[in-house]
Amino acid sequence: MDIQFYNTLTRKKEKFIPVIDGKVSMYTCGPTAYNQAHIGNFRTFLFEDVLKRFLMLVGYEINHVMNITDVDDKTIKKANNENISLKELTDKYTKIFMEDLETLNILPADIFPIATEHVDDMIVMIKSLIDKDHAYITDDGSVYFSIKTFEEYGKLTNLDFDNQIQSERVAADEYSKETPQDFALWKSWKDEDGEIGWDSPWGKGRPGWHIECSAMSIKYLGDHFDIHCGGVDNIFPHHENEIAQSRCSFGSPFVNVWMHSEHLNLEDEKMSKTLGNILSVPSLVKKGYTPESIRFALISSHYRTKIAFSETKLTESKKAVHRINEVYDRLKTLQKTGTSLPNEYEDFVAALSDDLNTPKALGILFSYIKKINKKMDISSFSEKETAMSIHFIENADKIFSLLTHDGRIPEDISALVLKRDKARKSKDWQLSDKIREKINQKGWIVEDSSDGTKCYKA
RNA sequence: GGCGUCGUACCCAAGUGGUCUAAGGGAGCAGUUUGCAAAACUGUCAUUCAUCGGUUCGAAUCCGAUCGACGCCUCCA
């Protein structure tokens, strides 16, 4: 079955053919380590996670690189404001980022290259761009990429720079540039940078924003790799500039498929610090939303559509996730034989093969669940069917990761549950209700079903 | 000004020329089950796809116009 992905570069869905048969190399733009990543950032990281897991499921070997940006305007400013070293600041937020990834069960990249550890690689690349006349040095020792030397500049963004109305921001920028849209490869040191700076052939300074991704992606994935992802806001200028630098420096095709995820908004508002509506992963978990329901909320819309995020959505997601877990638990109590998969599994894979249509794939999974529940209700479910159902759900879970994996019940709770079961057996309803109340107060829920007593976190 | 996206039930959300009198989830309602409660399971829930025209044997899907929401045009996932 063909896999198709929407390529931002060509603005259409294309058949996915990896550069090397059976292997996929992907680069995903990571965080800038100057604050805690918010739920909107994680929408993108989760899209990338699902993409990667899907490619793994269908048999590809993945080489995944995600950068950590630990030097730019924001990190420098914040470190100097807080009077701490750049490393102190970025280590702190990198650590938090890694923890949040783990919370959401996002598979780690194979390599997380750090920008400041690759300044030499960037300098080599900048040098080659100067040598090839794609870049020029200004009086203050900065280096700029000259966009007019690259014919394809603007292709990714679909912008025509010859007929652009100059925005105020651009016009107000450094006047030493040849063309207003030329972008910095190297920024010369300024007073406000404080201690932060690196030596280069053009004097002390620091790398521009885009060069790190070019240098690091090429270092670890080669100058022609399969997929490069990020949020839509990265299309311009970040990825447009990456293409310009990389292609001009190496003369190679660089990236085959560019994939970008749409934004997540809070209700209708854009998340922003001034509005104070930033949601972090730990803050949602603290409110009682499980990582699984957060995952569901973020993947139940297609990655190229905007999400209006809300707590209502999380509550609904929690119930949907519960439904999957419920049927899985039910299946687990039955005998099974065989290793085959149901026909619906093909539809499931086909949905994901069509530009990673996660909502459709979830729909297929849920209607399958309804079907097998009905069958189980009238107890005409064979051991073979049980096995098929379990395999389908487990395979789907390899991508979505919605089954509750750490449902471990603390000892004091399970002791109470046992005590209550005993009371129920002797029909001491008063005592059993009392214990139930106690368990509820501790934040757990007990339910009596025909399969026995169930207990899970509220 | 340029480039582009979107508008599907009470809410969320697939579907992009015929199998659509439109998948799936949540809510509601009804039933089954149950010591009770909760949960679970089942059934039900859009002759209609922002509006108006057009193309076509056939349109939610293509084209045009209108209305509405939004993104990008060097901070941003």
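Keep in mind the model is a prediction, meaning the values are calculated, not measured. Sequence lines set the chain letters: A, B, ... in the order given, protein chains first and strands last, and positions in each chain run from 1.
Salt bridge A:Lys13/A:Asp354: present, at least one basic N to carboxylate O contact under 4.0 Å. Classification of A:Lys332 and A:Glu394 as a salt-bridged pair holds, one side-chain N sitting under 4.0 Å from a carboxylate O. In summary, A:Arg206 and A:Asp73 engage in a salt bridge, as defined by a charged side-chain N under 4.0 Å from a carboxylate O.
The aromatic ring centres of A:Phe183 and A:Tyr144 sit 6.0 Å or more apart. Between A:Tyr93 and A:Tyr34, the ring centre distance reaches or exceeds 6.0 Å.
Listed candidates were B:C72, B:G43, B:G15. Nearest to the side chain of A:Phe236 is B:C72. When the nucleotides B:C3, B:A77, B:G25 are ranked by their closest atom to the side chain of A:Asn41, B:A77 comes out on top. Here B:C11 is the nucleotide among B:A39, B:C70, B:C11 with the atom lying nearest to any side-chain atom of A:Glu316. Closest to the side chain of A:Glu447, from the set B:U42, B:A77, B:A38, is B:A38. Taking only side-chain atoms of A:Asn373, from C-beta outward, the nucleotide of B:A40, B:U42, B:A13 with the closest atom is B:U42. Nearest to the side chain of A:Ser301, among B:A77, B:G35, B:A14, sits B:A14. Of the candidates B:A77, B:G2, B:A38, the closest approach to any side-chain atom of A:Leu159 belongs to B:G2. Of the candidates B:G71, B:G43, B:A14, the closest approach to any side-chain atom of A:Lys360 belongs to B:A14. Of the candidates B:A40, B:G24, B:A14, B:A14 carries the atom nearest the A:Pro359 side chain, counting heavy atoms from C-beta on. Checked against B:A77, B:A39, B:G35, the side chain of A:Arg43 finds its nearest nucleotide in B:A77.
A donor-acceptor contact under 3.5 Å is formed by the side chain of A:Ser432 with the base of B:G35. In terms of polar N and O atoms assigned as donor or acceptor, the side chain of A:Arg323 never comes within less than 3.5 Å of the base of B:A40 in a complementary pairing. No hydrogens or angles were tested; on distance alone, a donor-acceptor pair under 3.5 Å links the side chain of A:Arg436 to the base of B:C36. The base of B:C3 lies outside donor-acceptor range of the side chain of A:Asp160, with no N or O pair under 3.5 Å. One can find a donor-acceptor pair under 3.5 Å joining the base of B:G35 and the side-chain atoms of A:Asp433.
Contact annotation: the side chain of A:Ile445 never approaches that of A:Ile439 to less than 4.5 Å [non-hydrogen atoms, C-beta and beyond].
Separating the NE2 atom of A:His238 from the C1' atom of B:C72 is a distance of 16 Å, rounded to the nearest angstrom. Per the geometry, CD1 belonging to A:Ile324 stands 11 Å off C1' belonging to B:G24, to the nearest Å. Counting to the nearest Å, the P atom of B:A37 and the CG atom of A:Asn440 are 15 Å from each other.
Separating the P atom of B:A46 from that of B:C10 is a span of 10 Å, rounded to the nearest Å. Using P as the reference atom, B:A77 and B:G54 are 48 Å apart when rounded to the nearest Å. Nucleotides B:A30 and B:A38 have their P atoms positioned 14 Å apart, rounded to a whole Å. Rounded to whole Å, the C1' atom of B:G18 lies 26 Å from the corresponding atom of B:C45. Between B:C49 and B:G31, the distance separating the two P atoms is 34 Å to the nearest Å. B:C52 and B:A60 have their C1' atoms separated by 16 Å, given to the nearest Å. Spacing between B:G43 and B:A23 at atom P, rounded to whole Å, works out to 13 Å. Nucleotides B:C11 and B:U47 place their P atoms 14 Å apart, quoted to the nearest Å.
Contact check, A:Thr8 against B:G4: no side-chain N or O comes under 4.0 Å of OP1 or OP2.
Among the atoms of the strands shown, only primed sugar atoms or phosphate atoms (P, OP1, OP2) are found under 4.0 Å from some heavy atom of A:His302. Among the heavy atoms of the strands lying under 4.0 Å from A:Lys319 are primed sugar atoms or P, OP1, OP2 only; no base atom is included. Within the 4.0 angstrom heavy-atom criterion, only backbone atoms of the sugar-phosphate kind lie near A:Ser367; the bases stay farther away. The residue A:His322 sits close only to the backbone: its heavy atoms come under 4.0 Å of sugar-phosphate atoms, none of a base. Note on A:Gly40: a base of the nucleic acid sits closer than 4.0 angstrom, heavy atoms only.
When both pairing distances are held under 3.5 Å, B:G53 makes a Watson-Crick or G-U pair with B:C63. Pairing partner, B:A37: none, since no Watson-Crick or wobble contact has both distances short of 3.5 Å. In this entry B:A23 has no Watson-Crick or G-U wobble partner, no candidate having both defining distances under 3.5 Å. Pairing partner, B:U16: none, since no Watson-Crick or wobble contact has both distances short of 3.5 Å. Across the strands present, B:U42 finds its partner in B:A30; the criterion is a Watson-Crick or G-U wobble pair with both atom distances under 3.5 angstrom. Nucleotide B:U47 forms a pair with no other nucleotide shown, judged by Watson-Crick or G-U wobble geometry with both contacts under 3.5 Å. Using N1 to N3 plus N6-O4 or O6-N4 for Watson-Crick, or N1-O2 and O6-N3 for G-U wobble, each under 3.5 Å, B:G68 pairs with B:C6.
Aromatic ring pairs are classed by plane angle as parallel below 30°, tilted from 30° to 60° and perpendicular above 60°; the pair A:Phe45 and A:Phe42 is perpendicular.
Nucleotides of RNA chain B nearest to A:Thr179 and A:Lys313 differ in position, and the one nearer the 5' end is that of A:Lys313.
Partner of A:His228 under the ring-ring contact (aromatic ring centres under 6.0 Å, His included) criterion, out of A:His260, A:His64, A:His238, A:His239: A:His239 alone.
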